[in-house]
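Not measured: the values here are computed from a predicted model. Throughout, protein chains are lettered first and strands after them, A, B, ... in sequence-line order, and every chain is numbered starting at 1.
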2 protein chains.
Amino acid sequence: MQRFASVTRVRPEKLEQYKALHAKPWAGVLETLKKAGIQNYSIYLHDDLLFSCLEYHGSDWQAATQMIAADPVTRDWWKLTDPCQNPFPSAKSGELWSSMEPIFLME
Amino acid sequence: MQRFASVTRVRPEKLEQYKALHAKPWAGVLETLKKAGIQNYSIYLHDDLLFSCLEYHGSDWQAATQMIAADPVTRDWWKLTDPCQNPFPSAKSGELWSSMEPIFLME
């Protein structure tokens, strides 16, 4: 199992929309995440910061992310969620969420 | 089981010290966390942001945090780690880490 965490910012004027979407996530989005091997996926908010952490139970993370990105329901979901996000200046080109470096773990 | 996440900032000049401490955490600190019912405790870094997330397996979170705060080894550890942190202006008085609001969970 691998753990991944990432961070981005929410646009203040889109905060309520982002929260409402995530309070009732689409079944097809969750199904795809589960099929991809993702478990214990949380998103947390403070000020305009969004922090996500998840567990990947599988052997090919890149293939898993590609499978998720190819899912039509997920792509429709992202059409709503992407405009809510305001990536960090330090985000890689084309990335809304910035990967975080793990610096401590106690299982 | 309850999940908690929090966020703070690291002082750039203290980043290497903070990372070095957490790469080799003291046995007594980990022991106290485990006794308190904490599992799967991670800290992640991006830019100057520190995110922590953990699971609490117990029935009295307030008592657990008080037990941790009363541990002499943990207090010595905090003498080193506290000065590394630069709380958000929005942090509650006396708190280095700001609690985050959970807005999404897929188990």
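When all heavy atoms are compared, the tightest approach of Met106(A) to Leu30(B) is SD-O, 3.8 Å. The two atoms that bring Glu107(B) and Lys34(A) nearest to each other are O-CE, 4.2 Å, heavy atoms only.
Each of Leu33(A), Leu45(A), Leu105(A) has some count of heavy-atom pairs under 4.5 Å with chain B, and the biggest count is that of Leu45(A).
Within 6.0 Å of atom CZ in Arg11(B), more than 12 heavy atoms from other residues, nucleotides or ligands are found, so the atom counts as buried in its surroundings. Counting heavy-atom neighbours within 6.0 Å of Glu13(A) CD, excluding the residue itself, gives a total above 12.
Hydrophobic cluster membership is shared by Tyr18(A) and Trp26(A), with clusters built from Ile, Leu, Val, Met, Phe, Trp and Tyr side chains linked at under 4.5 angstrom. Hydrophobic clustering (side-chain heavy atoms under 4.5 Å, transitive across Ile, Leu, Val, Met, Phe, Trp, Tyr) keeps Tyr41(B) apart from Tyr41(A). Taken together through direct or relayed side-chain contacts under 4.5 Å among Ile, Leu, Val, Met, Phe, Trp and Tyr, Trp77(A) and Ile103(B) form part of one hydrophobic cluster. In the hydrophobic clustering of this structure, Val29(B) groups with Tyr56(B); members are Ile, Leu, Val, Met, Phe, Trp, Tyr whose side-chain heavy atoms approach within less than 4.5 Å, directly or through other members. The hydrophobic cluster containing Leu50(A) does not contain Phe4(B), counting ILVMFWY residues as joined when their side-chain heavy atoms lie under 4.5 angstrom apart, directly or transitively.
Rounded to the nearest 0.5 angstrom, Met100(A) CE and Ser42(B) OG are separated by 11.0 Å. Distance check: Ile43(A) CD1 to Glu101(B) CD gives 12.0 Å after rounding to the nearest 0.5 Å.
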### Query
Yes or no on side chain to side chain contact (heavy atoms under 4.5 Å, CB included) for Asp47(A) and Phe88(B), after CA distance, side-chain angles and deciding distance?
CA-CA 10 Å; Asp47(A) 294 345; Phe88(B) 284 97; 4.3 Å; yes
### Task
Kindly determine whether Leu49(B) and Phe51(A) satisfy side chain to side chain contact (heavy atoms under 4.5 Å, CB included), including the steps that lead there.
CA-CA 10 Å; Leu49(B) 293 171; Phe51(A) 167 52; over 6 Å; no
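Side chains of Val7(A) and Val7(B) form no contact here, defined as non-hydrogen atoms less than 4.5 Å apart. Taking 4.5 Å as the limit, every side-chain heavy atom of Leu21(B) sits out of range of all side-chain heavy atoms of Phe104(A). Between Tyr44(B) and Arg3(A) the shortest side-chain heavy-atom distance falls below 4.5 Å.
Heavy atoms closer than 4.5 Å to chain B are found in the backbone of Ser99(A), but not in its side chain. With a 4.5 angstrom heavy-atom cutoff, Asn40(A) touches chain B via backbone and side-chain atoms both. Proximity to chain B (any heavy atom under 4.5 Å) is restricted, for Pro25(A), to the side chain, taken from C-beta onward. Contacts between Ala23(A) and chain B at a heavy-atom distance below 4.5 Å involve the backbone alone (N, CA, C, O). Using a 4.5 Å cut-off between heavy atoms, Ile38(A) touches chain B through backbone and side chain atoms alike.
Looking at Ser6(A) and His46(B), their side chains never bring a donor and an acceptor atom within 3.5 Å of each other.
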